[in-house]
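Each remark here refers to the structure printed beneath this line.
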Amino acid sequence: MYDNKKATEYENRLKKGQVGTWGAIAEEISAMAPACDAIAFVVSSAIFAFFLTPLSFIIATLTMFLEVNTLYHLSRRHASAGGYYGYIANAFGPVPAISAGLMYPMYQIVSTAAIPVFVAGVVLPGVVKYFLGIGMPAWIWIPFILAFIIIPIMIAIIGIRPQMKYIKYASFFELIFLATLSAIIIIKAPDNTVNVFNPFAWPQYSSWFAPEGGPIAGVGLGMIFGLTSFIGYGGSAPLGEEATNPKAITRALTVGLLLVGIVLTEVAYAQIVGWGIPMMQTFSSSGIPGIIVATAYTGIVGGVLFSLVAFNSAFSDSVAMQANAGRVYFAMGRDGIIPKFFSYIHKKYVTPSKALIFVAVSSSVMAIISTFLIAMGAGVNPYTLLTSRASDPVIVNALTDSFQFLTTMALAGLIITHVLLNTSVMTMFRRLKEKHGNILDKIKHFTEHYAFPAIATVIFLFVLYESVVPPVYPITDAIIIIGVYTLFSVIYAFYIKYKKPDVARRAGKTVNLVDEEHNKI
């Protein structure tokens, strides 16, 4: 039975001890959704990077490994439902924390909105057409919002423990399946070459990259979707209050990214060499190239299994992403940064149910409105979008544009948040003024607390630059919208700081289980 008195005593917090280390790792994997990435982000990356897509993915993976260092040091000093919001508040202060607190759940919501648009609007009709020869209506993705957004939020509301049971088995099976499938394709593929990691090895195909400004720019644009594949990274951070101990989060951040990064790079390589280098101009336009490659090398069983695993990945990703976003809104509501409505805890399930419902509604509305607006921007009117066949190239392109628009918004939010996280590490250790006696400790201190965060920030800013120069529809449009949202977030943060100074001082610090456990020792 939920005890209101106890909840007040413990400052309206979530139930501790619900998530162990392997559960937190599973949350990381599910939030990054590698199988969903394999059928969505590899395709979007290849639109710009072509056969250099594996290079885009490996650089994205290495960049995110630098972020492991950042989150490792921050998570060692803070654990709460606030996740990144709490980390930045603990290290950097209220204005950056409030800005990040508004940004993190926003890009989780936008990423969640993108899932049904592409998976149900492009992949599902493509799979049905490819295997069964049956054409589906273009509007099919709209009711699938119920499957990919509404049903997952119900699972998240019921409680974190049932959620953990579901994603623990699903996520590890997903990784094992992808690694095995990709290994079979690589072994059989005739086009195996390390030159997919060399942008200067293909002068005969330079014309392919001309619209983007050359192979390096193509790799940079491809990295937009390589990095977006990791958009759920840090998904275990908002589980800090519900973990068995804060170290479970620190371990999950490291192990989860290691596993997903290796497998995603393998998947990207397998799909490219499996399709064939000379045929890469047709890769993205096929809609479901990963499934076609899987079928070609492993038969119809492999192709169908890949499809089913990808659909399940999209579903579990939605569960994890919405649960994370809801918990950050909960933490901010508890701190008084946003309305107290968000701090409500369900009496039976002890979950932030109102915050979770808000996330589901926002994701659904975002998916529908953005798709119609982006389609109209591409010259497809709403009537055509609803009455045509899903396999019509015009519809596929319109839905792909919408997916790219939403995922680029999500990536821009991720970049801004992670730049703040990197800056937080540097600020925190400058403020701590730790003393290091020998030269090795000094080198380690400089590398971990300054060099790695700085390098990661430079790479993030390079990708952000490539998404704006030269302008590319709808990617640049997404960056502009995020720029406006960022400005709003900063203005709102300063408003809280000067109009509600007591609230600003509490931002992200209401609960810190690391300090509490340290005080018990």
N/O donor-acceptor pair under 3.5 Å between [X] side chain and [Y] backbone:
| X | Y | value |
| --- | --- | --- |
| Glu266 | Ala183 | yes |
| Ser45 | Gly222 | yes |
| Glu174 | Ala35 | yes |
| Ser364 | Ala360 | yes |
| Ser489 | Tyr485 | yes |
| Gln271 | Ala38 | yes |
| Thr371 | Ala367 | yes |
| Lys129 | Gly135 | no |
| Ser56 | Val219 | yes |
| Asp191 | Ile277 | yes |

Side-chain contact test, heavy atoms from C-beta onward, threshold under 4.5 Å: evaluate it for Phe460 versus Leu414 and give yes or no.
yes
Does CZ belonging to Phe446 count more than 12 external heavy atoms closer than 6.0 Å?
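For Phe446, atom CZ is not crowded (no more than 12 foreign heavy atoms under 6.0 Å).
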Look at atom OH of Tyr473 and say whether more than 12 heavy atoms of other residues, nucleotides or ligands are closer to it than 6.0 Å.
yes
Supply the atom-to-atom distance Met223 CE to Ile459 CD1, rounded to the nearest 0.5 angstrom.
6.0 Å
Test side chain to side chain contact (heavy atoms under 4.5 Å, CB included) applied to [X] - qualifying residues, sequence neighbours left out:
| X | result |
| --- | --- |
| Asn198 | Asn195, Phe200, Ala201 |
| Leu308 | Val304 |
| Ala375 | Val380, Leu385, Ala398 |

Please evaluate residues Gln108 and Thr112 with respect to the criterion side chain to side chain donor-acceptor pair (under 3.5 Å), reporting the C-alpha separation (whole Å), side-chain torsions for both, the decisive distance (0.1 Å), and the verdict.
CA-CA 6 Å; Gln108 299 274 10; Thr112 301; 5.7 Å; no
Please check if the distance between the ring centroids of Phe358 and Tyr329 is under 6.0 Å.
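Between Phe358 and Tyr329, the centre distance is under 6.0 Å.
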As a test of understanding, state which of Thr282, Val42, Val43, Ile39 forms a side chain to side chain contact (heavy atoms under 4.5 Å, CB included) with Pro289.
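It is Val43, the one option of Thr282, Val42, Val43, Ile39 that forms the side chain to side chain contact (heavy atoms under 4.5 Å, CB included) with Pro289.
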Give me the one residue out of Phe197, Trp275, Trp208, Phe283 that meets ring pair (Phe, Tyr, Trp, His ring centres under 6.0 Å) with Phe51.
Trp208
Are a donor atom and an acceptor atom from the side chains of Thr400 and Asn397 found within less than 3.5 Å of each other?
no
